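What follows is one structure encoded as structure tokens, with my remarks underneath.
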Amino acid sequence: MLKVKTPKYGRVKRELEKREPKLVELAKKTLILQGTKTSNVLNTVLSEIYHLKRDNAIRYTRKNDSIRPFESGGETSLEFFSLKTDCSIFVYGSTSKKRPDNLVIGRTYDHHIYDLIEVGVENFKRMDSFTYDKKLAPQAGSKPFIVFSGEAFESVDELKHLKEVLLELLRGEVVDNLNLAGLGRVYVCTAISSNRVFLTHCAMRLKKSGTIVPRIELVEIGPSMDFVVRRHRLPNESLRKEAMKTAKDKLHKKIKNVSKDALQGKLGKIYVPDQKVGEMPLPNKAKGVKRERREAKVKNSNNERASKKQKEDS
């Protein structure tokens, strides 16, 4: 039997409790690392991705020659780093003669590789190459809009997969309520062809429109680049079902005689006892009560007269 080790120190125990599954998960952290060979363009891409996600991102600048995500056995080091940093999304950059400026974006489930997609970076423009008013620069921790333009995101399997991964990478923490004052930037993803996507980062400028709703203009602030889809690997069906499971909330106590209908909503049955109308008391102001009193007085007076006659006769 395997020996179960329990933490000896409170600091270790608290750290393990943070990593336990939760009903409401925290924001997913991103791990950014690089391979043995990288180009200047790829290093800049990795640094600017880290700059955009610096609140929930960890970057390793040391070269890693043992990471090969698409090969069997080449993902061990990647899973170790994911467990060490508690990151569920990773971006791995490498370059070679066959695949120049290569980015591998993937997700992990229980710190094991869940899915992968490999893209090539082309036509890259860094943030410094754009000129704009610095007041439009997005604030740290602001929530972005994400726009996917093009029918290929719904018809091509590779772009469907890329859309899911980019959403996980760019959206940040999932929240219920938003402050509109903090919405000042947008990511625009445009499907140019069946294997090429143009990604750009823009700031929103609000202008007068003559109505309550302002007119919005997009100002490109960078970075911008083209993603050319090369390889991708989807999770198998059993792993997908296991990862998509959601924990149930606290069980609600069953209410008797209550059901729910899709059309009529909440329906309930109410018990009403048999009504005995003849025995129900009537209010004093009712006309029927006055008539009954008059009839009772007449009846009593007749009975008194009859009793007096009987006494006189006797």
Side-chain angles (χ1 to χ4, degrees), residues 28 30-35 37-53 57 67-71 78 89-108 113-132 138 144-172 185-204 217-235:
K28 295 183 178 180
T30 304
L31 176 63
I32 301 172
L33 33 76
Q34 60 193 44
K37 294 182 180 180
T38 54
S39 62
N40 294 331
V41 173
L42 198 59
N43 288 333
T44 309
V45 171
L46 294 176
S47 64
E48 296 203 351
I49 292 175
Y50 174 71
H51 177 74
L52 293 173
K53 292 184 61 67
I67 297 178
R68 297 177 181 85
F70 282 92
E71 298 179 9
L78 190 58
I89 307 173
F90 65 89
V91 179
Y92 174 72
S94 64
T95 186
S96 63
K97 186 177 180 180
K98 186 177 180 180
R99 295 184 178 90
D101 298 333
N102 196 55
L103 276 182
V104 179
I105 309 172
R107 296 177 288 181
T108 61
I113 299 298
Y114 178 73
D115 61 350
L116 298 167
I117 186 163
E118 184 181 66
V119 294
V121 178
E122 296 181 1
N123 303 325
F124 173 70
K125 293 182 181 179
R126 54 190 300 167
M127 294 182 183
D128 301 340
S129 61
F130 295 92
T131 56
Y132 58 91
F145 287 106
I146 304 175
V147 178
F148 291 93
S149 176
E151 297 180 356
F153 284 115
E154 303 297 332
S155 59
V156 182
D157 294 336
E158 289 83 356
L159 295 190
K160 281 184 183 179
H161 188 196
L162 181 62
K163 178 181 177 180
E164 292 180 6
V165 175
L166 288 178
L167 274 175
E168 294 283 353
L169 178 65
L170 301 175
R171 71 179 176 179
R185 59 197 181 104
V186 57
Y187 292 102
V188 181
C189 304
T190 307
I192 301 173
S193 63
S194 60
N195 66 337
R196 182 181 290 269
V197 173
F198 173 66
L199 172 65
T200 186
H201 183 215
C202 300
M204 294 190 300
E217 287 186 358
L218 297 182
V219 180
E220 196 170 5
I221 61 176
S224 68
M225 66 195 83
D226 288 347
F227 284 154
V228 181
V229 181
R230 290 171 178 168
R231 292 183 292 179
H232 77 118
R233 189 177 76 188
L234 295 171

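We count residues from 1, following the sequence as given. Nothing here was measured: the structure is a model prediction, and the numbers come from that model.
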Would you call [X] and [Y] a side-chain contact if the rule is heavy atoms closer than 4.5 Å?
X	Y	result
Leu52	Pro223	yes
Leu159	Leu162	yes
Arg233	Ile113	yes

Closest non-hydrogen atom pair, [X] against [Y]:
X	Y	value
Thr95	Ser39	CG2-N, 3.7 Å
Gly93	Leu42	C-CD2, 3.6 Å
Ser94	Thr38	CA-CG2, 4.2 Å
Glu48	Met127	OE2-N, 3.2 Å
Ala57	Tyr50	O-CE1, 3.6 Å
Asp115	Pro235	CB-CD, 3.6 Å

- Apply the test side-chain contact (heavy atoms from CB on, under 4.5 Å) to residues Leu166 and Tyr187: give CA-CA distance (whole Å), side-chain angles for both, the deciding distance (0.1 Å), then the verdict. CA-CA 10 Å; Leu166 288 178; Tyr187 292 102; over 6 Å; no
- Item | Sequence neighbours excluded, every pair satisfying salt bridge (Lys or Arg N to Asp or Glu O under 4.0 Å) that has a member inside residues 148-162 |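 The answer is Glu154-Lys163.
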- Item | Where at least one partner belongs to residues 116-127, residue pairs that pass salt bridge (Lys or Arg N to Asp or Glu O under 4.0 Å), sequence neighbours excluded |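 Sorted result for residues 116-127: Arg99-Glu118, Glu118-Arg231, Glu122-Arg196, Arg126-Asp128.
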Nearest-0.5 Å distance that lies between atom [atom1] in [X] and atom [atom2] in [Y]:
X	Y	atom1	atom2	value
Phe90	Leu33	CZ	CG	8.5 Å
Leu199	Asn123	CG	CG	12.5 Å
Leu103	Arg230	CG	CZ	9.0 Å
Met225	Asp101	CE	CG	11.0 Å
Leu116	Leu78	CG	CG	8.0 Å
Cys202	Phe145	SG	CZ	13.0 Å

Can you sort out the partners of [X] under ring pair (Phe, Tyr, Trp, His ring centres under 6.0 Å), two or more places apart, ordered by chain and number?
X	value
Phe198	none
Tyr114	none
Phe153	Phe148

- Is it true that a side-chain atom of Lys28 and a backbone atom of Ile89 form a donor plus acceptor pair closer than 3.5 Å?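 No; zero donor-acceptor contacts below 3.5 Å.
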- For the side chain of Tyr132 and the backbone of Ala203, is there at least one donor-acceptor N/O pair under 3.5 Å apart?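 Here the side-chain-to-backbone pair does not exist.
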- Item | Contacts of type side-chain contact (heavy atoms from CB on, under 4.5 Å), residue Glu217, not counting sequence neighbours |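 Partners of Glu217 by the side-chain contact (heavy atoms from CB on, under 4.5 Å) criterion, ordered by chain and then number, come out as Arg205, Lys207, Arg215.
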- Item | Criterion side-chain contact (heavy atoms from CB on, under 4.5 Å) on Val156 and Asn195, from CA distance to verdict | CA-CA 9 Å; Val156 182; Asn195 66 337; over 6 Å; no
- Message: Apply side-chain contact (heavy atoms from CB on, under 4.5 Å) to residues His201 and Phe130 and explain how you reach the verdict.
- Response: CA-CA 11 Å; His201 183 215; Phe130 295 92; over 6 Å; no
- Message: Run the side-chain contact (heavy atoms from CB on, under 4.5 Å) test on Arg171 and Ile146 for me, step by step, so that the C-alpha distance in whole Å, both residues' side-chain angles and the decisive distance to 0.1 Å come before the verdict.
- Response: CA-CA 7 Å; Arg171 71 179 176 179; Ile146 304 175; 3.9 Å; yes
